[in-house]
Amino acid sequence: MSSVDISAIEEHMKMASLDGLRGYAQDHYGEVQQYRTTDYVPKSAAGGFQVLREPLWNKGLSFTPEERVSKNLTGLIPHAMESAETQVARCMKMINSRQTNIDKYLYLSALKDQNVDLFYRVLIDNVRELMPLVYTPTIGDVCLQYSTLYTRPEALYISIKQRKSIRTILRNWPYPNPEICVVTDGSRILGLGDLGVNGVGISIGKLALYTGAAGIHPSKTLPIVLDTGTANETNLKDPLYLGLRAKRPSPAVAQEFMDEFMEAVADVYPEMLVQFEDFETEKAFNYLSRYQHKYKCFNDDIQGTGAVVLAGYIGAVNLSGVPIEEQRLVFMGAGSAGVGVAKQMVEYYTRRGLSEQAAREKFWLVDTKGLVTNDRGDKLPDHKKYFSRQDNGGHQFRTLEEVIEYVRPSALVGLTATFGVFTESVVRALKASVDAGGSGRRPILFPLSNPLTKAECTFEQAIQWTEGTVIFASGSPFASFSIKHGDHAVTYHPNQGNNVYVFPGLGLGAILCKASKVTDEMVYIAAQSLSESLNAEEIHKGLIYPHIERVRDASVVVAREVMKAARREGVSTLPESQWVEWEEWGDVALTKFIKEKIYDPLK
Ligand SMILES: NC(=O)C1=CN([C@@H]2O[C@H](COP(=O)(O)OP(=O)(O)OC[C@H]3O[C@@H](n4cnc5c(N)ncnc54)[C@H](O)[C@@H]3O)[C@@H](O)[C@H]2O)C=CC1
Ligand SMILES: CC(=O)C(=O)O
Ligand SMILES: [Mg+2]
């Protein structure tokens with residue numbers, strides 16, 4: 001087999017130079033006219049091979065004998081008619097036969113491209129094993145290599161060079177009336193930094209979980225990447241890179257483009273919920289405050305993460321033995337996720353009766369320069385000012401160890417995108433500060449950065465360094481593990497503190513109640529309801545989130561409570577008569593309504 005002749009492409013790149021930009025793709029950027037609306041053949045009108053080629057219609061070996069006749073499929077597929085279980089078993093056998101996670105991902109991705117129903121059945125029935133493939137950590141590797149792995153499109157790619165054509169591009173999406181989009185500009189993908197257009201993998205992965213974890217119909221999901229260039233030199237130099245070969249524009253220009261995008265979305269798809277994903281810090285905060293009161297949107301990294309970590313924290317406090325009033329929290333990382341989480345927790349404390357000032361004083365935020373204080377000497381960005389300490393008596397605390405000794409925290413949260421910053425001495429110091437005098441109180445330790453290569457520490461380290469007392473949650477999943485004590489072994493179970501427990505249910509709720517906005521109250525209620533969604537077995541086991549196998553159950557609870565909150569907030573546009581009808585039956589009727597709406601393929 002002949003290999004790709006990279007040198008020829010590189011040669012072309014040397015030759016092609018357009019306004020300082022290089023590469024093939026630039027040759028084709030330009031505004032486009034709307035010639036026609038994309039044709040969409042309704043399912044009922046399609047037959048034969050067309051049905052098998054459309055991944056949303058293909059039911060593979062599940063087609064009944066009657067369907068095979070009525071749709072002219074006889075002979076186009078093997079004669080066997082199989083149960084979902086058999087087909088899922090075949091897929092799992094194939095996945096398990098692949099050597100690397102990327103290969104497993106590629107198999108799943110190809111399956112999604114051929115038979116959507118089967119892909120989701122496989123995912124839903126094997127979520128513990130497969131979520132780490134379609135989502136973090138594997139999706140991080142996929143994003144890093146996206147331009148090389150690329151075989152066919154799965155998203156909308158909207159370039160800043162075609163900013164006047166956004167409506168046309170949105171209309172080119174083949175499936176009518178999408179209800180939710182995840183949009184990124186690729187500028188901060190997981191903890192991997194600016195990946196440019198390669199970051200589209202995260203939009204695709206998150207939306208797979210809107211369907212897998214909350215049952216939003218796949219035809220209603222729309223992944224989008226806004227291509228405004230990249231600061232990533234590796235990508236810019238990669239001859240296979242698929243995005244715009246340009247540095248990123250100024251924040252002002254990026255914001256104009258974003259304004260145009262949001263206007264176009266509201267115009268073309270007025271019902272659509274927009275989830276902002278993995279925008280770098282300043283843009284993340286700016287776009288959220290700029291659009292949240294104008295459009296139906298939310299930021300997953302700020303709000304989704306805030307809600308999921310608050311939910312886990314509520315459970316963790318109950319286990320820790322340190323009363324809520326005595327809790328003191330150190331955050332390593334003061335970016336969009338760190339500040340988003342801390343603010344959600346301030347909300348929790350104020351709802352429990354603390355003044356905002358007293359609530360805020362429970363938090364000590366640390367960044368690359370040390371404890372965030374007013375008199376540290378650097379100019380703090382706006383998002384850090386709220387938590388900046390002024391009670392440090394002029395002292396600056398540069399290392400995490402110094403901060404822990406000073407604060408004596410009960411909880412340590414990591415959102416730094418930096419592997420290993422929770423060292424043995426840090427974790428032991430945390431334990432000592434909680435368990436002074438052998439009180440038996442347990443430290444809360446949340447190394448939440450993604451993917452695994454960016455986790456602040458591993459689960460095994462946390463267990464070893466706290467003699468098993470830690471209450472632990474990480475952003476990407478770690479395996480359970482056992483330690484032998486004499487002739488018996490103790491097995492420790494980690495939690496996964498990932499916004500996947502929130503955004504699917506939040507989105508589902510917002511869509512089903514036809515919310516005009518996503519309010520802060522809806523986000524807060526998502527956290528609260530998630531914290532109350534554990535079953536007796538999970539509570540008994542000392543978990544702080546439901547088993548990942550129950551993420552769909554949790555999403556139903558979150559969606560239901562989000563819907564009710566939307567109604568209280570006056571943003572649900574469902575008719576009042578509908579709410580009155582549901583209310584007669586308590587939560588039962590609303591829960592039934594949600595469950596009936598949920599996509600549960602091949603069942
Ligand atoms: N578990 C989950 O559900 C989520 C996890 N995350 C993860 O959180 C991480 C951070 O995301 P963002 O806050 O959006 O990024 P960001 O870039 O906005 O913030 C990172 C922060 O960490 C600080 N930092 C970096 N290295 C540090 C070090 N060595 N010591 C102390 N502080 C350091 C930076 O100064 C900055 O304040 C990423 O890895 C992301 O994957 C983000 C959202 C959800
Ligand atoms: C999980 C997620 O949203 C992140 O790591 O950015
Ligand atoms: Mg994210």
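Owing to the predicted nature of the structure, the values given are computational and were not obtained by experimental measurement. We count ligands from 1, going down the list as the structure has it; atoms in each ligand are counted the same way.
One finds a salt bridge joining Lys283 and Glu280 here, because a Lys/Arg side-chain nitrogen approaches an Asp/Glu carboxylate oxygen to under 4.0 Å.
Residue Ser336 holds the heavy atom nearest to atom 12 (P) of ligand 1 of all those in Gly312, Ser336, Gly414, Ser476. Counting heavy atoms only, Arg188 comes closest to atom 15 (O) of ligand 1 of the residues Glu280, Arg188, Gln496. Comparing Ser449, Ser474, Gly335 by heavy-atom distance to atom 7 (C) of ligand 1, the nearest is Ser449. Across Gly193, Gly333, Gly304, Gly191, heavy-atom proximity to atom 22 (O) of ligand 1 is greatest for Gly333. Compare Val372, Thr368, Val341, Val500 by their heavy atoms: the one nearest to atom 27 (C) of ligand 1 is in Thr368. Selection from Gly140, Ala334, Ala307 by nearest heavy atom to atom 36 (C) of ligand 1 gives Ala334.
In terms of polar-atom proximity, Glu277 is counted as a contact of ligand 2, with an N or O under 3.5 Å from an N or O of the ligand. For ligand 2, the polar-atom distance check finds an N/O of Asn450 within less than 3.5 Å of one of the ligand's N/O atoms.
The ligand atoms of ligand 1 that sit less than 4.0 angstrom from a heavy atom of Met332 are 30 (N), 31 (C). Residue-ligand proximity, Asp300 to ligand 2, at heavy-atom distances under 4.0 Å covers atoms 3 (O). Residue Asp301 has at least one heavy-atom neighbour below 4.0 Å for each of these atoms of ligand 2: 2 (C), 3 (O), 4 (C), 6 (O).
Taking the six-membered ring wherever Trp is involved, the centroid distance between the rings of Phe459 and Phe481 falls below 6.0 Å.
Between the side chains of Thr281 and Ser336, not a single donor N or O lies within less than 3.5 Å of an accepting N or O.
Heavy atoms from both the backbone and the side chain of Asn498 come within less than 4.0 Å of ligand 1. Using a 4.0 Å cut-off between heavy atoms, Asn450 contacts ligand 1 through both its backbone and its side chain. At a heavy-atom distance under 4.0 Å, atoms from both the backbone and the side chain of Thr416 approach ligand 1. Proximity of Ile202 to ligand 2, defined as any heavy-atom pair under 4.0 Å, is not found for any part of the residue.
At least one N/O/S atom of Asp301, from backbone or side chain, sits under 2.8 Å from the Mg ion (ligand 3).
Asp278 contributes OD1 and Glu277 contributes OE2; the angle these two atoms make at the Mg ion (ligand 3) is 90°, rounded to 10°.
Here the protein heavy atom with the shortest distance to atom 16 (P) of ligand 1 is Thr281 OG1, 3.6 Å.
In this structure, Lys206 fails the cation-pi test against Tyr135, since its NZ or CZ atom is not both closer than 6.0 Å to the six-membered ring centre and inside 45 degrees of the ring normal.
Interatomic distance, Leu430 CG to Ile404 CD1, rounded to the nearest 0.5 Å: 5.5 Å. For the atom pair CD1 (Ile511) and CE (Met563), the distance works out to 11.0 Å, reported to the nearest 0.5 Å.
Within the structure, the closest approach of Thr136 to ligand 2 does not fall below 4.0 Å when heavy atoms are considered.
Less than 4.0 angstrom separates atom 34 (C) of ligand 1 from none of the non-hydrogen atoms of the protein.
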